[in-house]
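The structure under discussion appears below in the form of C-alpha cells.
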There are 2 protein chains.
Amino acid sequence: MSGVRSPTELSAVFRANGLRVTPQRQLLFRLLYADTTHPTADALFTVASEQMPGISLRTVYQTLTDLTSMGELQSFDFDGTATRFAPNLGEHHHVVCRSCAKAADVHVDGTTHLRIDGLGGFSVESSDIVFRGLCSECAASATITSITSITSITSSKGSRS
Amino acid sequence: MSGVRSPTELSAVFRANGLRVTPQRQLLFRLLYADTTHPTADALFTVASEQMPGISLRTVYQTLTDLTSMGELQSFDFDGTATRFAPNLGEHHHVVCRSCAKAADVHVDGTTHLRIDGLGGFSVESSDIVFRGLCSECAASATITSITSITSITSSKGSRS
DNA sequence: TTTTATTCTGCAACGATTGCGAATTGCCAA
DNA sequence: TTGGCAATTCGCAATCGTTGCAGAATAAAA
Ligand SMILES: [Mn+2]
Ligand SMILES: [Mn+2]
Ligand SMILES: [Zn+2]
Ligand SMILES: [Zn+2]
C-alpha cells in the first residue's frame, strides 16, 4: 500500500497483466523508482534518453499511461501545463511551488475531521489537497530580487521601466 | 469578499483598471453572473455566441484572463482538459464528478485544524481541496448501466467481449 | 465629429498528448 | 534453438486547448 514498487516488482505486475517487459519499460521502472519529483513525461524522456538514446517520447507516454491504469502511478494536473506522474503511495497530499512548480509530498492529519457542506447529491470517493506557496529556494531568490529591486530603484533615482 | 460581482460592478472594475467596457465584455459579465457551473472558455463561448453571433473565442479567453488577473475570477485545472473559470467567492472548495466532470462548490469546515507534515522549507499560502466522486445523475445512470450489464451477461449466456 | 489608443477578430503557431501504420521484438511453442 | 506472431516501439501526423500577432473596428476623450 505504501512504498515505491521496485523495478522487479513492476516487471512482475506487467507480466501478470499480460504485458511484455521490454528494455524501455525496465529503464522507466528504474527511473521512477525513488524519483520523488513528480516528473512530467517529457522530464522522464530527457533523463531516459541519456541512458537509452533513441527511446521515444511516445513510449514514455505509453508506459506512464499503462502504469497509471494499473494503479501503480498517480497522475496530477497541478496547473494548466503538463501532467505529472508519481508512484501511488499511501494517502498523501502535495505542496506545489507557485514560482518553479516544484512539487513535494506532504502528509496531512485531520482530513477525517473535515466537514463538507453543500454536497447536494454528490458522493465523495477521494480528496486531493494541494497546498500552494513557495519552496525555500524560490523564497530565497524572491528576497534577493526584492532587495535588488529596491537597490535598483534607489540608485536609478526613480526611473520607471 | 463573497457573492458574485454584478455586471455593473465588473464594468466599474474594468474602468477603474483603465480598461474599456465593450459589448462583448458586458455580455460575458452577464453570463458569468450567477453561473455556478465553473464553465470552460469554450462553454462560455458557445452560450455567448447565441446572444452575440460573431463574438470570437479569442475575446472570451482575453476577458477571462483579464478578470482572473484582476482577481475577479479564479481558474481551475481539475483534470488535464480545459481550464475552468468561476467567480472568486470567499473561501470554498470543490467536488468534481469523475464521470461527467461537473463541478460544484462546497464549504469545508475544519481546514484550520489540518496538520501538515513534511513541508521541508515550503511556505504555504493557500490550499485547494478537490473532492472527487459521482454526481447524483451519474450515480443513477451507473446503477442502470450495472443492471443492464448484468441482464446482458445473463441473457447472453456468459459471452465475453 | 475627430482622433487615437484600445479592443476585437481570424488565423497561425505552440505545447502537450494521442492515433496510426510500418518496422521491430519479446516470448511461447515446437 | 528456432521460428512465428502478437505485442511493442517509433516516427509522424493529427488533435486539443491556448496564446501571439496584425489588421480592421471602435470606445471614449477632446
Ligand atoms: Mn505524491
Ligand atoms: Mn467555485
Ligand atoms: Zn520554487
Ligand atoms: Zn456526473
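Hydrogens, waters and symmetry mates play no part in the numbers below; they use all other heavy atoms, side chains included. In what follows, chains carry the letters A, B, and so on, assigned in the order in which the sequence lines appear, proteins first and then strands, with residues in each chain numbered from 1.
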Audit row: A:Y61, A:F45, ring pair (Phe, Tyr, Trp, His ring centres under 6.0 Å) steps and yes/no: CA-CA 9 Å; A:Y61 271 108; A:F45 170 65; 9.2 Å; no

side-chain contact (heavy atoms from CB on, under 4.5 Å) assessment of B:T111 paired with A:L114: CA-CA 7 Å; B:T111 56; A:L114 292 177; 4.1 Å; yes

Candidate pair B:H93 and B:D128, rule side-chain hydrogen bond (donor to acceptor under 3.5 Å, both in side chains), full reasoning: CA-CA 6 Å; B:H93 298 280; B:D128 296 335; 5.3 Å; no

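One can place CG of A:D79 at 16 Å from P of C:dG15, the figure rounded to the nearest angstrom. Atom C1' of nucleotide D:dT8 and atom CG of A:L28 are separated by 13 Å, given to the nearest angstrom. Whole-Å rounding puts the B:F14 CZ to C:dC8 C1' distance at 14 Å. In this structure, the CG atom of A:L64 is 15 Å from the C1' atom of D:dT9, given to the nearest Å. As rounded to whole Å, 16 Å separates atom P of C:dA5 from atom CG of B:L19. When the C1' atom of C:dG26 is taken as reference, atom CG of A:D66 falls 15 Å away, rounded to whole Å. Residue B:L27 contributes atom CG, which lies 15 Å from atom C1' of C:dT7 at whole-angstrom precision. Straight-line distance from the CZ atom of B:F45 to the C1' atom of D:dG17: 14 Å, rounded to whole Å.
Classification of B:R25 and B:D66 as a salt-bridged pair holds, one side-chain N sitting under 4.0 Å from a carboxylate O.
A sub-4.0 Å separation between OP1 or OP2 of C:dA16 and a side-chain N or O of A:T81 is absent. Contact check, A:R58 against C:dT17: no side-chain N or O comes under 4.0 Å of OP1 or OP2. Within the 4.0 Å cut-off from OP1 or OP2 of C:dT25, not a single side-chain nitrogen or oxygen of A:Q24 is found. At the phosphate of D:dA7, neither OP1 nor OP2 sits under 4.0 Å from any side-chain N or O atom of A:Q62. Considering only side-chain N and O atoms, B:T22 lies under 4.0 angstrom from the phosphate OP1 or OP2 of C:dC8. Contact annotation: A:T59 side-chain N/O to D:dC10 OP1/OP2 distance is under 4.0 Å. At D:dT19, none of the side-chain N or O atoms of B:Y61 fall inside 4.0 Å of OP1 or OP2 (strictly under the cut-off).
You'll find that the side chain of A:R20 is closest to D:dA7, out of D:dT18, C:dT7, D:dA7. Here C:dC27 is the nucleotide among D:dA28, C:dT17, C:dC27 with the atom lying nearest to any side-chain atom of A:V21.
B:T83 comes within 4.0 angstrom of the backbone, heavy atoms only, and of no base. Within 4.0 Å of A:R15, counting heavy atoms only, lie sugar-phosphate atoms of the nucleic acid but no base atom. Using a 4.0 Å heavy-atom cutoff across all strands shown, B:G54 reaches sugar-phosphate atoms only and no base atom.
In this structure, the side chain of B:N17 does not engage the main chain of B:L19 through any donor-acceptor pair within 3.5 Å.
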